[in-house]
Protein chains: 2
Amino acid sequence: MAHSYEYPRPALAVDCVVFGFDEGDLKVLLIQRDLEPFAGKWALPGGFVRIEESLDQAALRELKEETGVGKVYLEQLYTFGEPKRDPRERVVTAAYYALVKLSDHRIKGATDARDAAWFSISDLPRVAFDHEGIIETALRRLQGKVRYEPVGFELLPPKFTLTQLQHLYETILETTLDKRNFRKKILGMNLLIETDEIEQDVAHRAARLYRFHEAKYRRLEKEGFNFEL
Amino acid sequence: MAHSYEYPRPALAVDCVVFGFDEGDLKVLLIQRDLEPFAGKWALPGGFVRIEESLDQAALRELKEETGVGKVYLEQLYTFGEPKRDPRERVVTAAYYALVKLSDHRIKGATDARDAAWFSISDLPRVAFDHEGIIETALRRLQGKVRYEPVGFELLPPKFTLTQLQHLYETILETTLDKRNFRKKILGMNLLIETDEIEQDVAHRAARLYRFHEAKYRRLEKEGFNFEL
DNA sequence: CCAAAAGTGTTTCACTTACACCCATGA
DNA sequence: TCATGGGTGTAAGTGAAACACTTTTGG
């Protein structure tokens, strides 16, 4: 193995694909760049990894700095290292994806110095660098993940209706689901806690609100239980 | 976003977990380090990423240089970036995993300057750095992958018996499978081509050899077909 | 009373699982 | 002829999929 200092080093960055879900719409958080290259263009929140911090820490820090997003589900996605992906110089980026509850973060966006905004996944603007490919990769990963792990709840408020949950799955998986079968299956897992509250301010019969029983899921998971669909 | 040259940069490496399958045993290829730190210890093949090459290229190059392994299935696994994972200085490593046909690579190992050897996954020596964790991550990934994509064939010779295939799955998934059900399922996919050859030099009835119909799989995959178990 | 979404069961079909014996071959 | 693994079918059970009407509520 060669010594590391014999060669020039690529720069190392992190970028985050932040997903939110709102009114049947899957959204991604983008920030407007204020520096070249691609100044003025939309891009994923991210930045360079500091010498003393882990990649996870770097991703969290950038997320906080650029978007105000705090407590989120965060997972490493893939590391992109094509030599020409940054026109200035060699930059390798460890991409992450995050799931946030829009109920917590609806206000954020234009809070920081930087301009940030949510875009529907089906109506993204042109983005800088290879970020379109990164977003695409993140979406595919989310589609895979949501089938066999209960990450969908990270995108919903703590209390939600079964219809909201179904719409979330339909949106992410780009499909439609049968209402009765969906409810049968999800309730059959006994991982939802029925609250005695109902949704408010709707012009029709109000649906019951449920919570996800995270602790119970963690317990079952350890015993080999598999969340599926 | 800060300019990259304001800060010291981590070094960037790649490491490969190379899997092979031999006589019912899942193996990993390790090399003996000749430099500090951990000189003399076993470690994953890998090295630093050069400034003009992609991560995939770096992984392939290191694999070739250190082990002679050429045509393989190669996929990025995860990027490990804990600040202290290398005692000398900050090194971030993009880990890959590779699947090779031991029938092609049985001879290799001690060919290069470096000492290389195959170890059973169930009987690994102590390894350098955080490589044990990387191997563990790779194994879990392989276990997940093998269920819903036909990567198992990358570990078998081009022609194989159904029993070999079953043993491969049993080994990777650490379980046992019912012979009749396994054969029914795998043959029912119509992705195996029955050759008119049989295995040689066995002290009992010789089993028929099959090939994996890769082209057909690629076609079906595009139409939405899902390989499963 | 109308519009809109909530909520609820049953039947059918496909797939998974469990299970045991005879056959072919080489030593 | 014996030991070793190769090769084969069926029945029962479980889970997925299809499917439509009544109820509640607010406007």
Side-chain angles (χ1 to χ4, degrees), chain A residues 21-25 146-148 150 156-157 159-171 173-211 220 224-229, chain B residues 21-25 146-148 150 156-157 159-171 173-211 220 224-229:
Chain A
F21 182 72
D22 186 33
E23 293 164 16
D25 209 12
V146 93
R147 282 168 216 268
Y148 61 92
L156 291 177
K159 296 171 186 170
F160 49 84
T161 69
L162 294 181
T163 301
Q164 275 181 300
L165 186 62
Q166 182 180 340
H167 286 341
L168 172 66
Y169 276 91
E170 289 177 332
T171 304
L173 298 176
E174 295 170 340
T175 180
T176 62
L177 300 169
D178 179 87
K179 182 162 63 159
R180 278 177 289 191
N181 292 337
F182 178 80
R183 291 160 105 95
K184 212 183 311 164
K185 179 138 194 190
I186 201 87
L187 290 175
M189 292 183 189
N190 284 311
L191 284 172
L192 295 191
I193 305 167
E194 181 177 316
T195 73
D196 49 9
E197 295 169 69
I198 54 174
E199 62 179 340
Q200 301 295 320
D201 302 316
V202 287
H204 52 79
R205 177 174 175 182
R208 163 153 271 119
L209 293 174
Y210 291 82
R211 305 162 118 295
L220 291 172
F225 169 81
N226 257 357
F227 184 93
E228 223 184 295
L229 219 182
Chain B
F21 182 74
D22 186 31
E23 294 164 17
D25 209 13
V146 92
R147 282 169 216 268
Y148 60 92
L156 291 176
K159 295 170 187 170
F160 50 84
T161 70
L162 294 181
T163 300
Q164 275 180 300
L165 186 62
Q166 182 180 342
H167 287 340
L168 172 66
Y169 275 91
E170 289 176 333
T171 305
L173 299 175
E174 294 169 340
T175 181
T176 61
L177 300 169
D178 179 86
K179 182 162 63 159
R180 278 178 289 191
N181 293 338
F182 178 80
R183 292 159 105 93
K184 211 185 311 167
K185 179 139 194 187
I186 200 86
L187 290 175
M189 292 183 192
N190 284 311
L191 284 172
L192 296 190
I193 304 166
E194 180 177 317
T195 73
D196 49 8
E197 295 169 70
I198 55 175
E199 61 179 342
Q200 301 296 318
D201 304 315
V202 287
H204 52 78
R205 175 173 174 182
R208 163 153 272 120
L209 294 174
Y210 291 82
R211 306 162 119 293
L220 290 173
F225 170 81
N226 258 359
F227 184 93
E228 224 183 296
L229 221 180

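Proteins get letters first, then strands, A, B, ... in listed order; numbering begins at 1 in each. This structure is a prediction, so every number in the text was calculated from the model and none was measured. Heavy-atom basis, side chains included; hydrogens, waters and symmetry copies ignored.
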remark   = Closest of C:dT8, D:dG6, C:dA18 to the A:Lys179 side chain is C:dT8
message = For B:His167 and B:Gln164, which I'm curious about, is there any donor-acceptor pair between the side chains at under 3.5 Å?
response = no
ask   = Which atom names give the shortest non-hydrogen contact between B:Thr163 and B:Arg183, and what distance separates them?
value = OG1-NH1, 3.8 Å
message = What is the separation between atom CG on A:Leu229 and atom C1' on D:dA16, rounded to the nearest whole Å?
response = 10 Å
task = Could you check which of C:dA5, C:dT8, C:dT25 has an atom nearest any side-chain atom of B:Arg205?
result = C:dT25
ask   = Among C:dA6, D:dG6, C:dA27, which is the nearest nucleotide to the side chain of B:Thr163?
value = D:dG6
ask   = Nearest of C:dA6, D:dT8, C:dG7 to any side-chain atom of A:Glu199?
value = C:dA6
ask   = Which comes earlier along DNA chain D counting from the 5' end, the contact point of B:Thr161 or that of A:Ala203, where each point is its nearest nucleotide?
value = B:Thr161
ask   = Rounded to whole angstroms, how far apart are CG on A:Asp201 and P on D:dT25?
value = 15 Å
key: Selected nucleotide, minimal atom distance to A:Lys184 side chain, candidates D:dG9, D:dA17, C:dA24   = D:dA17
Base of D:dA17 paired with side chain of A:Arg180 (donor-acceptor, under 3.5 Å) = no
task = Grab the CZ-P distance between B:Arg183 and C:dC15 for me, whole Å please.
result = 21 Å
inquiry  = When you measure from the side chain of A:Glu194 to the backbone of A:Arg208, do you find a donor-acceptor pair of N or O atoms at a distance under 3.5 Å?
reply    = no
query = How close or far is atom C1' of D:dT23 from atom NE2 of A:His204, stated in whole angstroms?
reply = 14 Å
query = Can B:Tyr210 and B:Leu156 be said to form a side-chain contact (heavy atoms from CB on, under 4.5 Å), step by step?
reply = CA-CA 11 Å; B:Tyr210 291 82; B:Leu156 291 176; over 6 Å; no
request  = Please examine the side chains of A:Arg147 and A:Leu173, heavy atoms only from C-beta on, and report whether any two atoms are closer than 4.5 Å.
outcome  = yes
ask   = How many Å lie between CD on B:Gln166 and P on D:dG5, as a whole number?
value = 13 Å
request  = Among C:dT8, C:dC19, D:dG27, find the nucleotide with the atom closest to the side chain of B:Asp178.
outcome  = C:dC19
query = Rounded to the Å, how far apart are A:Leu187 CG and D:dA16 P?
reply = 14 Å
task = Could you check how far NZ of A:Lys185 sits from P of C:dG7, rounded to whole Å?
result = 21 Å
ask   = A:Asn181 has an atom CG; how far is it from atom P of D:dA20, in whole Å?
value = 13 Å
